[in-house]
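Presented below is the structure to which this report refers.
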2 protein chains.
Amino acid sequence: MDDIRELKRVLHKENLRYTSQRKAVWDELCSSSDHRDAESIYLALRNSGIRVSRATVYRTIEVLVRHNMVRRLDLGDGRSRYENKLDPKHHDHLICLSCGRIEEFVDPDIEKLQEKVAEKHQFALRKHIHQLFGYCKDCQ
Amino acid sequence: MDDIRELKRVLHKENLRYTSQRKAVWDELCSSSDHRDAESIYLALRNSGIRVSRATVYRTIEVLVRHNMVRRLDLGDGRSRYENKLDPKHHDHLICLSCGRIEEFVDPDIEKLQEKVAEKHQFALRKHIHQLFGYCKDCQ
DNA sequence: GTTTCTATGAGACTCATTCTCATTTAGGGG
DNA sequence: CCCCTAAATGAGAATGAGTCTCATAGAAAC
């Protein structure tokens with residue numbers, strides 16, 4: 001991956017050091033486009049022999065989220081999930097209540113309507129959460 | 001409040017007993033249309049002299065949510081909020097990132113588009129979370 | 001290489017929520 | 001009204017995701 005450049009750029013900008021652990025966490029988040037929780041990232045790294053602690057995984061994710069390289073998702077089960085956000089196309093999520101499967105959707109009309117709602121309420125919109133919960137076609 | 005009837009009906013339907021604690025939690029949730037967390041409900045009841053435990057507050061809310069009398073909100077700060085849902089008009093939320101103020105919104109067009117998205121993905125839609133985060137007019 | 005100052009790891013800690021289990025209570029007979 | 005039994009409750013222990021602490025390791029500057 002050459003997205004390492006992006007990581008270096010961001011760390012440099014904040015006067016943070018480029019370390020093997022920060023690289024490893026970012027690589028792991030780039031290696032799949034899944035919705036990963038912190039523990040699974042921690043375990044994946046440990047299992048591939050990388051010496052890292054949970055604290056560092058959390059601390060690194062924190063930095064990545066702050067710099068918009070990673071998006072934090074809350075699926076309502078008490079564990080945050082993270083997805084690599086370098087691929088810049090915005091999307092929201094459909095979540096199956098039975099099997100947990102996650103599908104992504106984009107709807108420009110909804111996006112526009114959201115902006116109108118915010119405007120009407122005089123809110124300066126920064127982000128949104130839009131999640132549809134139901135049963136996927138295999139679970140109905 | 002005469003919504004006590006609704007509580008009795010639901011408890012009866014599930015062969016659960018009508019207790020003073022369950023009544024108190026439900027009353028408290030009806031007494032304001034706010035977005036309350038479990039601790040504030042617990043404290044409000046204790047302060048008005050009602051003998052109840054945190055466990056019972058949580059257990060009762062669980063029943064109320066299961067029976068659609070209460071909606072659970074997740075504002076992303078690690079504490080669930082609850083709102084009385086007897087007043088049946090559905091709404092979603094605008095949340096101020098600075099002062100925490102919550103405004104409600106309804107947009108029938110968005111609701112319709114959501115259904116279309118679910119249909120396109122062959123999901124049987126059960127519920128959704130739609131939250132807009134930004135800065136309210138006082139905080140900008 | 002030495003200095004300096006940030007990053008890390010291990011494990012303690014926090015805090016919302018859930019669980020356990022001994023005790024109390026609701027509610028249907030008698 | 002009282003009894004009986006299963007369900008509900010309270011107190012506090014347990015859980016689990018996430019954060020904090022602090023001694024040590026390692027990067028960057030000199």
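In the text below, chain A, chain B and the rest are named by the order of the sequence lines, each starting its count at 1.
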What is the nucleic acid contact for A:Arg81, judged by heavy atoms within less than 4.0 Å: base, sugar-phosphate only, or nothing?
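No contact at all - A:Arg81 keeps every heavy atom at 4.0 Å or more from the nucleic acid.
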
How are the rings of A:His121 and B:Phe105 set relative to one another: parallel (under 30°), tilted (30 to 60°) or perpendicular (over 60°)?
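The rings of A:His121 and B:Phe105 stand perpendicular, inter-plane angle above 60°.
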
How close or far is atom [atom2] of [N] from atom [atom1] of [X], stated in whole angstroms?
X       : N      : atom1 : atom2 : value
A:Tyr42 : D:dT19 : OH    : C1'   : 16 Å
A:Asp37 : D:dG18 : CG    : C1'   : 12 Å
A:Lys8  : D:dA28 : NZ    : C1'   : 15 Å
A:Lys23 : C:dT8  : NZ    : C1'   : 18 Å
B:Arg79 : C:dT14 : CZ    : C1'   : 14 Å
A:Leu7  : C:dA7  : CG    : P     : 13 Å
B:Arg36 : C:dA16 : CZ    : C1'   : 17 Å
B:Glu39 : C:dT17 : CD    : P     : 9 Å

Please determine if a side-chain N or O atom of A:Arg22 lies less than 4.0 Å away from the OP1 or OP2 oxygen of D:dA27.
no

Please check the phosphate of D:dG10 (OP1 and OP2 only) for any side-chain N or O of B:Gln21 closer than 4.0 Å.
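B:Gln21 to D:dG10 OP1/OP2: side-chain N or O found under 4.0 Å.
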
Is A:Ile4 linked to A:Ile41 within one hydrophobic cluster, defined over Ile, Leu, Val, Met, Phe, Trp and Tyr using a side-chain heavy-atom separation of less than 4.5 Å?
yes

Please determine whether residues A:Leu64 and A:Tyr82 belong to a single hydrophobic cluster, defined as Ile, Leu, Val, Met, Phe, Trp and Tyr linked transitively by side-chain heavy-atom distances below 4.5 Å.
yes

Using the C1' atoms of five pairs at each end, what's the angle between the two axes of the helix from C:dG1-D:dC30 to C:dG30-D:dC1, to 10 degrees?
30°

Trace of the salt bridge (charged side-chain N to carboxylate O under 4.0 Å, His left out) decision for B:Lys112 with B:Glu115:
CA-CA 5 Å; B:Lys112 267 178 230 139; B:Glu115 278 162 34; over 6 Å; no

Residues at least two apart in sequence or cross-chain that pass salt bridge (Lys or Arg N to Asp or Glu O under 4.0 Å) with B:Arg54, listed by chain then number, are B:Glu39

For A:Asp77, enumerate each residue passing the salt bridge (Lys or Arg N to Asp or Glu O under 4.0 Å) test, keeping only those at least two apart in sequence or located in another chain.
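With sequence neighbours excluded, A:Asp77 shows a salt bridge (Lys or Arg N to Asp or Glu O under 4.0 Å) to A:Arg79, A:Arg81, given in chain and number order.
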
Candidate pair A:His130 and A:Gln114, rule side-chain contact (heavy atoms from CB on, under 4.5 Å), full reasoning:
CA-CA 10 Å; A:His130 197 180; A:Gln114 279 181 163; 4.3 Å; yes

Any carboxylate oxygen within less than 4.0 angstrom of a Lys/Arg side-chain nitrogen, looking at [X] and [Y]?
X        : Y        : result
A:Arg66  : A:Glu14  : yes
B:Glu119 : B:Lys116 : no
A:Arg72  : A:Glu62  : yes

Within residues 49-72 of chain B, find the residues that approach DNA chain D with a heavy atom at under 4.0 Å, and present them sorted by residue number.
B:Arg51, B:Val52, B:Ser53, B:Ala55, B:Thr56, B:Arg59

Test applied, side-chain contact (heavy atoms from CB on, under 4.5 Å); reference residue, A:Leu11; option that passes from A:His67, A:Glu6, A:Arg17, A:Arg22
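Among A:His67, A:Glu6, A:Arg17, A:Arg22, the one that satisfies the side-chain contact (heavy atoms from CB on, under 4.5 Å) with A:Leu11 is A:Arg22.
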
Polar-atom pairs under 3.5 Å, protein N or O versus N or O of nucleotides 27-30 of chain C: list them with distances, or write none.
{"unit_1": "C:dG27", "atom_1": "OP1", "unit_2": "B:Tyr18", "atom_2": "N", "d": "3.0"}

Would you mind telling me which residue lines up with the more 5' stretch of DNA chain C, A:Ser20 or B:Ser80, judged by nearest nucleotide?
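Mapping each residue to its closest nucleotide by heavy atoms, the 5'-most match is A:Ser20.
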
Pairs satisfying side-chain hydrogen bond (donor to acceptor under 3.5 Å, both in side chains), at least one member in residues 131-140 of chain B, at least two apart
B:Arg101-B:Asp138

